[in-house]
Structure formats: C-alpha cells, structure tokens
Amino acid sequence: MADIQPPAEEIRALVGYEFPGGKYTVAHWENFLLTECTGSEPLPDGLVHPVVLFHMPILGANTSIGGMFALGQAESDFSIGIESYDWEIERPLHEDVEYTVTGRVTEADRMEGPRRHDRPGVYDRIQFRFELHEPEGDFAASSTITWTYRRSAA
C-alpha cells in the first residue's frame, strides 16, 4: 500500500483508465452459494442472484479488490470507505452464460471536508464502472462502485 499521499494530479489522471476486461461465467454451484448466503430460495430457470454484481464485474474485468486498492494508491486496507454500489440490470443474468466484462475509472478527484461522522479530512473519491454484455453483444448489466481513499495529512 502507498506510504505517502499521492499527488492530486495522479488521482485525477486515473479517469479513463481501463481494466484489461475479459469474460465471466456464473456456474450453478456459485449461484447456489450466493443465493444461500442471502437467505433466499434459488431463483427459477437458472437466474443468477443479483448479489453476484458485488464480485463478478471486478473479476470478469481481470482485476481484483486489491488491484483497485493499488490503483488508487490506498494507504492501507483500512483506508477505503464505501460511498456506493449502484447496479443497473437491463437483462436478467443467467447461469452458464459467458458474459463479456469491461471496466474503467469514470471519476477521480481529491476532496477535502467532512467525511463519515463529520470528521474533516482529505480523501480521494474514485468511481469505477463495470459493464456486462451477453455473448451476442447486448448490454446486460452494470455495476458502478464509488470508494473513498482516506489520506493522511501531507
């Protein structure tokens, strides 16, 4: 993890950064476990539980939580705050379908002011957008993730 606060220009320059992208297929066992951990019954006809959008887009775009921490130069694993996860589901997701996944940074900026619990501070706000497309190319879903990277005093 980063030892010093990165320059604000480096953070802003992340806008437009694209992850390698790739493919992801949700297997039946994975969907079963995801559904089970939510306390829900399995969905009919091989429908995938929406909770898959927490990890599928990240892995499918060939990155990881750790990779996203490193990209934003997180000071530690504990310096990340979750602002939001926004899911858009255009078409139901299904088991055993190979989705094409892309991802990029859509916003990145240095912020100053109150954070959680009205504590002042400096943080970077970085937004990632991941898109899933069906094998035919049709848009299926997206996951927009916004994190804050808390910074120590410079």
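Under the rule for a side-chain hydrogen bond (donor to acceptor under 3.5 Å, both in side chains), the partners of Ser40 that lie at least two apart in sequence or sit in another chain are Thr38. Qualifying side-chain hydrogen bond (donor to acceptor under 3.5 Å, both in side chains) partners for Tyr17, counting only residues two or more places apart in sequence or in other chains: none.
Of all non-hydrogen atoms in Ala141 and Leu93, the two that sit nearest each other are CB-CD2, 4.3 Å. Here the closest non-hydrogen pair linking Ile11 and Pro6 is CD1-CG, 3.9 Å. For Val101 against Ala61, the heavy-atom pair with the smallest separation is CG1-N, 3.6 Å. Residues Arg110 and Val122 share a closest heavy-atom pair of CD-CG1, 3.3 Å. Summarising the geometry of Ala108 relative to Val15, their closest heavy-atom pair is N-CG2, 3.4 Å, with the distance given to 0.1 Å. The minimum heavy-atom distance between Val105 and Leu14, with the atom names listed, is CB-O, 3.3 Å.
In this structure, the separation between CE on Met68 and OH on Tyr149 is 6.0 Å, given to the nearest 0.5 Å. Distance CZ/Arg151 to CG/Asp124: 4.0 Å, rounded to 0.5 Å. Here the NE2-CG distance, from His94 to Asn31, works out to 10.0 Å after rounding to the nearest 0.5 Å. Here the CG atom belonging to Asp77 is positioned 10.5 Å from the CD1 atom belonging to Ile65, to the nearest 0.5 angstrom. In this structure, the separation between CZ on Phe69 and OG on Ser79 is 7.5 Å, given to the nearest 0.5 Å. Interatomic distance, CE of Met56 versus CG of Leu34, reported as 10.5 Å (0.5 Å rounding).
Under the salt bridge (charged side-chain N to carboxylate O under 4.0 Å, His left out) criterion, the residue pairs touching residues 12-22 are Arg12-Asp109, with sequence neighbours excluded. Sorted pairs that involve residues 59-69 and meet side-chain hydrogen bond (donor to acceptor under 3.5 Å, both in side chains), not counting sequence neighbours, are lacking altogether. Here salt bridge (charged side-chain N to carboxylate O under 4.0 Å, His left out) pairs that include residues 23-42, with residues two or more places apart or in two chains, number zero. Residue pairs meeting the salt bridge (charged side-chain N to carboxylate O under 4.0 Å, His left out) criterion with at least one member in residues 78-94, sequence neighbours excluded: Glu83-Arg125, Glu88-Arg129, Arg91-Glu134, Arg91-Asp138.
Taking the six-membered ring where tryptophan is involved, the planes of Phe19 and Phe130 are essentially parallel, since the angle between them stays under 30° and well short of 60°.
For the pair Ile145/Ile58, a side-chain contact is recorded, criterion being any heavy-atom separation below 4.5 Å from C-beta on.
Cluster membership check: Leu132 does not share its hydrophobic cluster with Leu43, using side-chain heavy-atom separations under 4.5 Å among Ile, Leu, Val, Met, Phe, Trp and Tyr. Phe78 and Leu71 are members of different hydrophobic clusters when ILVMFWY side chains are connected at heavy-atom separations under 4.5 Å. Linking Ile, Leu, Val, Met, Phe, Trp and Tyr whenever their side-chain heavy atoms come within less than 4.5 Å puts Leu59 and Val97 in one cluster. Clustering ILVMFWY residues whenever any of their side-chain heavy atoms sit less than 4.5 angstrom apart, transitively, puts Tyr85 in the very cluster that holds Phe128. Grouping the Ile, Leu, Val, Met, Phe, Trp and Tyr side chains by contacts below 4.5 angstrom, directly or via other members, places Val26 apart from Trp29.
Between the side chains of Glu131 and Thr102, no donor-acceptor pair of N or O atoms lies under 3.5 Å.
Looking only at distances, no side-chain donor or acceptor of Gln73 sits under 3.5 Å from a matching main-chain atom of Gln5.
Between Trp147 and Tyr123, a ring centre-to-centre spacing not shorter than 6.0 Å is recorded.
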*Going through the checks in order, is the side-chain contact (heavy atoms from CB on, under 4.5 Å) test met by Glu95 and Phe32?*
CA-CA 10 Å; Glu95 296 173 354; Phe32 175 82; over 6 Å; no
